[in-house]
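For ligands, and for the atoms within them, numbers begin at 1 and follow the listed sequence.
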Amino acid sequence: MTDYTITRWTHASTMVGSSKDDAIEIIVNNRAATRQAIIDALTLKHFKIKTRSAWKAKEPATSPGKDWDYTAIAIHHAGNSFSCAADGADEMRKAEAIDLAKFGQVSYHYAIDCQGTIYEALDIRYKGRHIKDGNAGVIGIVFLADFSTRGEAEKYGPGVWNTTKEEGVKRGISEGLGVLKDEFAVNHDEPSERQLEAASALTKTLTDFFNISTLGGHREFAKALMTSRACPGVYGMIIAGMLRRELELAAP
Ligand SMILES: [Zn+2]
């Protein structure tokens with residue numbers, strides 16, 4: 001692994017045309033090399049991973065803030081408007097469009113579709129936007145599926161009134177619509193075996209590169225911050241618990 005990283009390091013230096021004695025460039029390239037090494041490690045384990053350029057990610061109008069010293073992983077599901085019946089790459093672009101409109105950037109670092117393809121959603125060198133007031137040091141992984149069961153949004157979500165109070169009428173109404181949609185949603189996805197294998201490999205690989213101590217569902221991170229979210233749904237919570245045990249990590 002060490003030799004491999006060094007090869008990549010040299011490659012990245014050549015690409016940006018930096019001189020070898022430029023200390024700042026070396027730090028930047030180390031991060032670039034780590035980003036690539038994560039992708040390569042998953043490829044070596046025979047997982048299909050699509051980089052941002054491979055799935056033709058759009059460049060955001062403004063560059064997201066930087067982040068690096070990750071200590072936690074948060075598990076999300078894309079929710080009711082997403083389905084395993086749809087094409088994974090289409091669902092990735094749909095999640096991107098929603099996030100660009102809402103946050104001006106893709107909010108999660110990685111996405112996993114129902115066929116087990118892993119997407120580099122946001123370059124790992126940039127800060128996610130997946131947990132309200134709690135993104136620093138947290139890697140966001142989203143399942144491009146709906147892992148909630150009927151009524152979960154009403155039970156665990158922030159509630160229409162709280163959202164309206166905190167974020168204004170427009171967001172309150174959209175939260176209300178989400179609750180309604182969830183109540184009447186009958187088609188939920190169940191995690192596929194390939195998807196679980198990909199999640200296990202991805203989180204394991206991330207713990208090889210970062211000093212990760214915590215893993216949990218979005219719901220748990222929100223609770224720790226005194227807010228509430230239904231995400232990642234009942235199945236997403238089961239997956240988060242399973243990964244946490246497998247990797248011997250703490251809850252948020
Ligand atoms: Zn979430």
For the Zn ion (ligand 1), the closest N/O/S atom belonging to H76
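Looking only at N, O and S atoms of H76, the one nearest the Zn ion (ligand 1) is named ND1.
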
Measuring from the Zn ion (ligand 1), name the closest N, O or S atom belonging to H218.
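So the atom name we want here is ND1.
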
Which atom pair, heavy atoms only, marks the closest approach of I75 to C231?
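That would be O-SG, 4.5 Å.
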
What closest approach, in Å, do Y70 and H109 show between heavy atoms, and which atom pair accounts for it?
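Answer, listing the atom of Y70 first, then H109: OH-NE2, 3.4 Å.
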
Relative to the ring of H77, is the ring of F147 parallel (under 30°), tilted (30 to 60°) or perpendicular (over 60°)?
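Rings of F147 and H77: parallel, as their planes differ by under 30°.
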
Does the shortest distance from the Zn ion (ligand 1) to an N/O/S atom of H77 fall below 2.8 Å?
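Given the 2.8 Å cut-off, H77 does not count as a ligand of the Zn ion (ligand 1).
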
Is the distance between the Zn ion (ligand 1) and the nearest N/O/S atom of H130 smaller than 2.8 Å?
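Coordinating: no.
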
N-O pairing of E197 and R194 below 4.0 Å:
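Looking at R194 together with E197, the answer is yes, because their closest N to O distance falls below 4.0 Å.
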
